[in-house]
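Here the structure is laid out as structure tokens; the discussion comes afterwards.
All values below were derived from every heavy atom in this structure, side-chain atoms included, with hydrogens, water molecules and symmetry-related copies excluded. For clarity, every value in this text was computed on a predicted model and none was experimentally measured.
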Amino acid sequence: MTDVSPAAGPQADTAATTITLAANPRQRALRLHRELSQVWANDRGLWGQVTAVSHTTLGLRFMATAFVFFAIGGILSMLIRAQLATPDGAFLDTELYNQIFTMHGTIMMFLFAIPMLEGIAIWLLPKMLGTRDMAFPRLTALGYWCYLFGGLIMLTALLFGVAPRDGWFMYTPLSNAVFSPGINADVWLLGVTFVEISAIAAAIEITVTILRQRAPGMRLMEMPLFAWYMLGTSAMMLVGFPPLIAGSVLLEMERAFDWPFFDPTRGGDPLLWQHLFWLFGHPEVYIIFLPAAGVMSMMIPVLCRTTILGYGAIVAAILALVFLSFGLWVHHMFTVGIPHMALAFFSAASVLVAVPTAVQIFAWIGTMWKGNPQLHLPMYHILGFFLTFVMGGLTGVMLAIVPFNWQAHDTAFVTAHLHYVLIGGFVFPMMAAATYWMPLMTGKRRIKGLGEAAFWVILIGFHGTFFIMHLTGLLGMPRRIDVYPDNPEWIWLNLTSSIFGFVLTIGFAMYAMDLILQATLGKRQSRDPWQAPTLDWAMPLPAPNYNFASLPTARHLRRDAREVILPLARGEGVLAGAPRGQREFLVTSVGDATPDHVAILPGNTALPLALSSAIGAFVLLMLASLYALAGLALLPVAALIWVWARGMAPQDSLHPVEVAPNFRLPVHHHAMTSLGQSGLFALLIANGTLYASLLFGLAFLSVVTPGPEVPAATVGGVPVVSALGVLAASLVAAQFATADQSATNALVALVGNLVALAALLSVLPFLDDPTAHARDALRAALAGYVGLHVLVAAGMAAFVFDQHRRSEVTATQQGAWPACRLWQRYTGAVTLITLVVAIAQEVLT
Amino acid sequence: MKWLGAVLIGPTLWFAIFLAVYGLHGLICAQWGVVDFSGRAVMIVVWGIGVALFWPLLRYMPAGHACSIDLPRAGLWIGLGATVFTLFPVLIASSCS
């Protein structure tokens, strides 16, 4: 019998439902495996790699590519250390040195750390949550290609000597067109923004996957801690990355079109860039740390043969970290002349954030204390993490204190601190994670000896390099200098750091060799080698693309993986096999993971590669300053997005699917709240943050920046009427888009948006010259933002109209209507807010 | 979803109050160049109202379950603690210098 019944409980949908799905009848595991493999496998050969959308393939590829970039970043760091080994280093000239330290930081932050955490989440989450793939497989692939192409653009620039050279934070005015002519800074601004498409894509699908794809009965407070950590991380990425994207777009517009957002002589402010950058930059540290803490929380209990201590306290600590990390950004700006009271706010927040971090550290130590720690290789790296990260955390508390920060700011002390935090808090846990999950990735057993040796070489090399760097910093050595002929007291310290830096690199090479040997020469590994109680080990080794022959339910949770491997492989879970010849998984509700519907996924396709190539062409044309052509390059982007959306149209059977005996669920075309709607909602959160960043810029420049006198506005009555026309047409479109789903309403919404767009275009000639003053530039930028959204809304209305024409919208089938409604409402809201802000600005100034 | 929303209330409230007081401080300094008694009083009042908002929330937030820790209530305590600790400088710190 099937029982999906609400249980007693006045609130909290985490625990409000009891789910008991009957087991499907037992089948032959091998037959199921063959059936599923045929449906879920990548295409053969090289083309198969191009068209792959499987989370297993792409997760591994993300991690492998990130590791390659890590190696490149490491080589660059060796060049830096070679230069600094002697006071008059002639190894690199200043120009090349600047490019190399900028690229080292950029690669490690944007091309290694973020993609690595995306990769491990994409690869691991569906396995841990008991599903077969991420929510949007084509988006996973698009993210990968954007990451790869963005990274290649930056690497190519380095090879041709035109890499960015202004530091990984691109401070203005150093990075503006006057002080940084050429395309070096553009490579960073456009390349990093291109790569960030991948981060936003990953954040959306990680959020949706965790909230909507957990195994039936896996309530939020029962999911593996890694999922909590990734939920926090993805939320932070959705809110943390848009300020940087906004800043990058504004700076690129300043460089390309002379719109003076950051030029103090025309009402701009370089500090606006710093605010936008660090609004991203500090949460970024936690975005990197939380996934690492997530894998630690999974590995430590297993390696200590016990359960995690303080699950709830850790979840609360994650919650605190996610929020507090957004209240710290100014501690990177303590020396820019911000008033003492504001400094004190951020200093207090910076000290406070140590508390939730400490909660986690003590929970892990307590877990080890109550368990029986076993010194397997992952545990070596975990202990390396404890030693290193705690030291980095303590120097972080030192830097949170304003007077100390003023002394140590921009010195090698900060370099040492950030490497302790990032290598301690991310690289050591990731190395532990790789050694822990290698059997699942490769199906191979480790060759003992080399990994342990690599750990010791890395540990000694790391502390030899960076511990001493604290002292170098306290002796006053600034960051980012290439020679120091007048400071003999720094010589032995730098030489020592350089020698140990090379030791560290040798250690990483040994570590990589260990993984390669395991993957190629290792003996076959038996299932569930760690005897873990999580679903990620309840599958064959190496993990197949489909993960589970049948999906686990409540009765498969909280049991040792080896107890549930066979029942799941024999189809005794739900949604067994692939009898309909299509990729399917179960979508569940957010709180208590009640089965909601069955999602049918697209198969292998080259569309993500084509779309990322089109976006790449746009980026390259922008880099070449061919702005008109770049605008045209957006046409294929729009066309491919249309084709992408067409690919989601129903093509196969739409009958309800029997996922368990006597229990049928509708397919996603008939679902009330599909994954696509959840994904769009997540995208709008990121989009709304970007818009809020622009408004923050407007407020900051209006209130804080002293700047020159604002020129009198010359906007007359015509544009005001036109602007009101934009608003009216947009609201009419929103009204019809949110009414009943009919072809007529879709058509009216389309016309309304086109009228709004025409009205907006009629305003543009009357706006003040955006190159004259930052206020006018920001106003034009906001108008552009609204225009882009109206254009997209028109496209969505046209798409829905086309769906009606093709009879793909019926009484029970919503087509793209929910997405269209959501976007149209958002567009109406930002149009209204923008108009109110513009009017308020006119009235107040 | 309601439960998730309840979990987020406390920290979100802290963030809103933090931004409000920080923004107010920026506004006062930009407008008058100094935070005099009345300016500081306004900031303290905003801070105090923010802290007071937690009281009814803590009082009426339904008790959670399904876990050793009541996460919505923990979220409120996190928000309250952060509001008190991160904004206490309005009492003592020098103003716009």
Side-chain angles (χ1 to χ4, degrees), chain A residues 9-16 211 219-222 228 231 235 239 309-324 326-328 330 337-353 355-356 402 589-592 673 696 699-700 702-706, chain B residues 1-8 10-15 17-19 21-31 33-35 39-40 43 47 61-75 77-79 81-97:
Chain A
Q11 71 284 315
D13 52 357
T14 50
L211 292 180
R219 295 166 181 155
L220 279 172
M221 285 305 280
E222 293 171 345
W228 269 114
L231 187 60
V239 180
L309 182 73
Y311 177 101
I314 292 178
V315 176
I318 296 168
L319 179 69
L321 274 179
V322 166
F323 277 84
L324 285 175
F326 283 95
L328 313 180
V330 169
I338 287 172
H340 284 178
M341 190 186 285
L343 294 186
F345 296 154
F346 288 93
S347 179
S350 304
V351 172
L352 189 62
V353 80
V355 175
V402 176
S589 63
V590 173
D592 53 7
T673 312
F696 168 79
F700 183 80
S702 304
V703 174
V704 177
T705 304
Chain B
M1 278 302 275
K2 278 183 191 167
W3 180 83
L4 208 52
V7 168
L8 299 176
T12 306
L13 194 54
W14 161 73
F15 195 58
I17 298 163
F18 186 80
L19 288 184
V21 175
Y22 175 53
L24 197 58
H25 172 255
L27 198 63
I28 293 170
C29 285
Q31 205 67 31
V34 64
V35 178
R40 191 183 289 268
M43 291 168 66
W47 179 46
M61 176 68 76
H65 45 76
C67 177
S68 57
I69 192 166
D70 176 356
L71 203 56
R73 201 170 286 273
W77 282 111
I78 289 167
T83 305
V84 170
F85 189 75
T86 58
L87 293 174
F88 82 90
V90 292
L91 295 175
I92 49 173
S94 61
S95 58
C96 300
S97 57

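- Side-chain atoms of B:Trp47 do not come within 3.5 Å of backbone N or O of B:Ile17 as any donor-acceptor pair.
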Problem set entry | A:Phe323 and B:Ile78: CA distance, side-chain angles, deciding distance, side chain to side chain contact (heavy atoms under 4.5 Å, CB included) verdict | CA-CA 10 Å; A:Phe323 277 84; B:Ile78 289 167; over 6 Å; no
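- For B:Leu8, the parts lying under 4.5 angstrom from a heavy atom of chain A are both the backbone and the side chain.
- For the options B:Ala6, B:Ala30, B:Pro11, heavy-atom pairs under 4.5 Å to chain A are most numerous at B:Pro11.
- With a 4.5 Å cut-off on non-hydrogen atoms, B:Phe18 touches chain A through its side chain but not through its backbone.
- Atom CG of residue A:Leu211 and atom CG of residue B:Leu4 lie 6.5 Å apart, to the nearest 0.5 angstrom.
- Here A:Ala348 is the residue among A:Gly327, A:Ala348, A:Ala699, A:Ser589 with the most heavy-atom pairs under 4.5 Å with chain B.
- Counting only distance, with no hydrogens or angles, the side chain of A:Arg219 and the backbone of A:Gly591 share no donor-acceptor pair below 3.5 Å.
- In this structure, no portion of A:Val322 lies under 4.5 Å from any heavy atom of chain B.
- Interface remark: A:Leu343 contributes no atoms to any contact with chain B (heavy atom separation under 4.5 Å).
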Could you pull out all donor-acceptor pairs under 3.5 Å where a side-chain atom in residues 81-88 of chain B meets a protein atom, sequence neighbours excluded?
residue, atom, partner, partner atom, Å
B:Thr83, OG1, B:Gly79, O, 2.6
B:Thr86, OG1, B:Trp14, NE1, 3.0
B:Thr86, OG1, B:Ala82, O, 2.5

